Amino acid sequence: MTIRIGLLGYGTVGKGVIEIIHSHQERIQALLGEPVEVTGVLVQHLKKKREIPSSILVTSDFDRLLLQDIDIVLEAIVGEEPSFTYCKKAIEQGKHVVTANKEMYAIHGKELKELASKHSVSVGYESTTVAGTPVIRTLQQLLQVNQVEKVEGILNGTSNFILTKMRQDGTSFEQSLKEAQQKGYAEADPTNDIKGYDAFYKLMNISELLYGKQPNWDDVYVEGIDRVDPTQILEASFMDKKIKHVATIEWKDGDVRASIQPISLTEHHPLYSIDGVQNGVVIHTDLAGPLTLSGPGAGASSTASGMIEDFITIFQQSYNNVHQFQ
Ligand SMILES: NC(=O)C1=CN([C@@H]2O[C@H](COP(=O)(O)OP(=O)(O)OC[C@H]3O[C@@H](n4cnc5c(N)ncnc54)[C@H](OP(=O)(O)O)[C@@H]3O)[C@@H](O)[C@H]2O)C=CC1
Ligand SMILES: N[C@@H](CC=O)C(=O)O
């Protein structure tokens, strides 16, 4: 039998997913024992020209996609809605879901997981947070015994790319943002990237995983990189420091505290050397000590890789009759 995938979105990430399924078909089939096929792709603008094989249904009607008898939905569209409605509907019809949509997941992740558990399916969300760099997987693994006291992270590829270009090459903010958009790092509307909200949603997903709750959103200080001045970057460089956009979450005084802001770091900080589109997290644990994990924070290949890894894990678990990611 073939495993049938319904893909939501054919932008940077959606295209990356199709490419990996095509280029790694043999490997995936060896892992799952069955061939894998994308049977339908959901898009917003049907008239856009795309190079999608004619065997794949291209539609803007989600119900039509569901009629394709799919086993799993890979969701790579943008924003809270209609993403949440589609994921919910898919789960209610017994389909697994993998999402890269950090905003939707920060708002509705908990509800989706509970619903998935009721319907004996799974939800994967690795790519919501630092693309395909396995931050979620690593935290899930650590949580078995360790207590994670604090996580500090550079969580937005676009912001780190821009700050690095401004510092290393003296490129303007505007030009660096343009390059980040051309490379597929920035969102089509980059407001959330440069104002810190993209990192905020990722941090909320980490919070939910670590502490089973999120801080009150109004209590979280969120500042983006849009007001960082080239002279501040230069002044930091003169003192051998780098300005980095750092998101922090910790358990303090019986509650979760979080903040997101540009901070000047010395070379002794583990996030100091993380440049360009690379992101990184420092995980402070009680037993394993501080651990640093870094990798690409954005881009087609990395993000699609995270989604495919989730997809494989879900089917391996379902063969073993285990459901539900943490
Ligand atoms: N780019 C990256 O590096 C990363 C992205 N993500 C997340 O992945 C998701 C996709 O990102 P990305 O591929 O960059 O985005 P793009 O803007 O490149 O592509 C978005 C795709 O979604 C489709 N789409 C948007 N809204 C709707 C809708 N209402 N109904 C149906 N289709 C819709 C668009 O259709 P059409 O083509 O017709 O316009 C397009 O194909 C986002 O949630 C993003 O935050 C996560 C990690 C990294
Ligand atoms: N726009 C995001 C994409 C990945 O989540 C970023 O730049 O980090």
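These numbers come from a predicted model, not from an experiment. Note that ligands are numbered from 1 as they come in the structure, with each ligand's atoms numbered from 1 the same way.
Shown here is H269, whose NE2 atom has more than 12 heavy atoms of other residues, nucleotides or ligands within 6.0 Å. More than 12 heavy atoms of other shown residues, nucleotides or ligands fall within 6.0 angstrom of atom CE in M239. Atom CD of Q147 is surrounded by 12 or fewer heavy atoms from other residues, nucleotides or ligands within 6.0 Å.
Protein heavy atom nearest atom 7 (C) of ligand 1, with residue, atom name and distance: A100 O, 3.2 Å. Shortest contact from atom 20 (C) of ligand 1 to any protein heavy atom: V78 CG2, 3.8 Å. Atom 48 (C) of ligand 1 has T303 OG1, 3.1 Å as its closest protein atom, hydrogens excluded (heavy atom only). The protein atom (non-hydrogen) at minimum distance from atom 38 (O) of ligand 1 is H45 N, 2.6 Å. Nearest protein neighbour of atom 10 (C) of ligand 1, counting heavy atoms only, is A76 O, 3.3 Å. Looking at atom 3 (C) of ligand 2, its nearest protein heavy atom turns out to be Y185 O, 3.3 Å. Ranking protein heavy atoms by distance to atom 7 (O) of ligand 2, first place goes to T158 OG1, 2.6 Å. Ranking the protein heavy atoms by distance from atom 36 (P) of ligand 1 puts K48 NZ, 3.4 Å first. Ranking protein heavy atoms by distance to atom 4 (C) of ligand 2, first place goes to G297 O, 3.4 Å. Distance from atom 41 (O) of ligand 1 to its nearest protein heavy atom, with residue and atom name: Y10 N, 2.8 Å. Scanning the protein heavy atoms around atom 18 (O) of ligand 1, the nearest turns out to be T12 N, 3.0 Å.
Of all the heavy atoms of N156, the ones lying under 4.0 Å from any atom of ligand 2 are found in both the backbone and the side chain. Under 4.0 angstrom from ligand 1, the non-hydrogen atoms of I77 come from both its backbone and its side chain. Within the 4.0 Å heavy-atom criterion, neither part of E103 lies near ligand 1. Within the 4.0 Å heavy-atom criterion, the part of D198 lying near ligand 2 is the side chain and not the backbone.
Residue-to-ligand polar distances place D193 within reach of ligand 2: an N/O pair is separated by less than 3.5 Å. Checking only distances, G299 does come within under 3.5 Å of ligand 1, N or O to N or O. Close N/O approach between E187 and ligand 1 is found [any backbone or side-chain N/O within under 3.5 Å]. Considering backbone and side-chain N/O atoms, G11 comes within less than 3.5 Å of an N/O atom of ligand 1. Taking distance alone, with nitrogen or oxygen atoms compared against 3.5 Å, K102 approaches ligand 1 more closely than that limit. Ligand 2 has a nitrogen or oxygen under 3.5 angstrom from a nitrogen or oxygen of G157.
Relative to the ring axis of Y272, K242 places its NZ or CZ within 45° and under 6.0 Å from the centre.
Within the set Q44, K47, R50, the minimum heavy-atom distance to atom 37 (O) of ligand 1 is found for R50. The closest non-hydrogen atom to atom 5 (C) of ligand 1, taken over V13, T85, T99, comes from V13.
In this structure, G184 has a heavy atom closer than 4.0 Å to ligand 1.
Residue K202 approaches ligand 2 through these ligand atoms, each under 4.0 Å from one of its heavy atoms: 2 (C), 4 (C), 5 (O), 6 (C), 8 (O). In summary, the atoms of ligand 2 found under 4.0 Å from a heavy atom of E187, numbered by their order in the structure, are 1 (N), 2 (C), 3 (C). Near P82, meaning under 4.0 Å from any of its heavy atoms, are these atoms of ligand 1: 29 (N). The atoms of ligand 1 that sit less than 4.0 Å from any heavy atom of A298 are 3 (O). Atoms of ligand 1 found under 4.0 Å from any heavy atom of S127, numbered from 1 in the order shown, are 46 (C), 47 (C).
Between the side chains of R137 and T313, at least one donor N or O lies within less than 3.5 Å of an accepting N or O. With 3.5 Å as the limit, one finds a donor-acceptor pair spanning the side chains of T231 and D229. Checked by atom type, the side-chain pair S83/E75 shows a donor-acceptor distance below 3.5 Å. A side-chain donor-acceptor contact under 3.5 Å links E223 and Y221. Judged by distance alone, the side chains of E152 and H284 do bring a donor and an acceptor atom under 3.5 Å apart. For K102 and N205, the side-chain atoms include no donor-acceptor pair closer than 3.5 Å.
Using cut-offs of 30° and 60° on the angle between ring planes, the pair Y201 and Y197 is tilted. Ring geometry for F200 versus W217: interplanar angle over 60°, hence perpendicular rather than tilted (30 to 60°).
The OG1 atom of T138 sits 10.5 Å away from the CG atom of L143 when rounded to the nearest 0.5 Å.
Salt bridge annotation for K165-D275: absent, with no cationic side-chain nitrogen under 4.0 angstrom from a carboxylate oxygen. Between D226 and K195 there is a salt bridge, since a side-chain N of the basic residue sits under 4.0 Å from a carboxylate O of the acidic one. The pair K213-E208 does not meet the salt-bridge criterion, since no charged nitrogen lies less than 4.0 angstrom from a carboxylate oxygen.
Only one option out of I154, T164, V281 pairs with I274 in a side-chain contact (heavy atoms from CB on, under 4.5 Å); it is I154.
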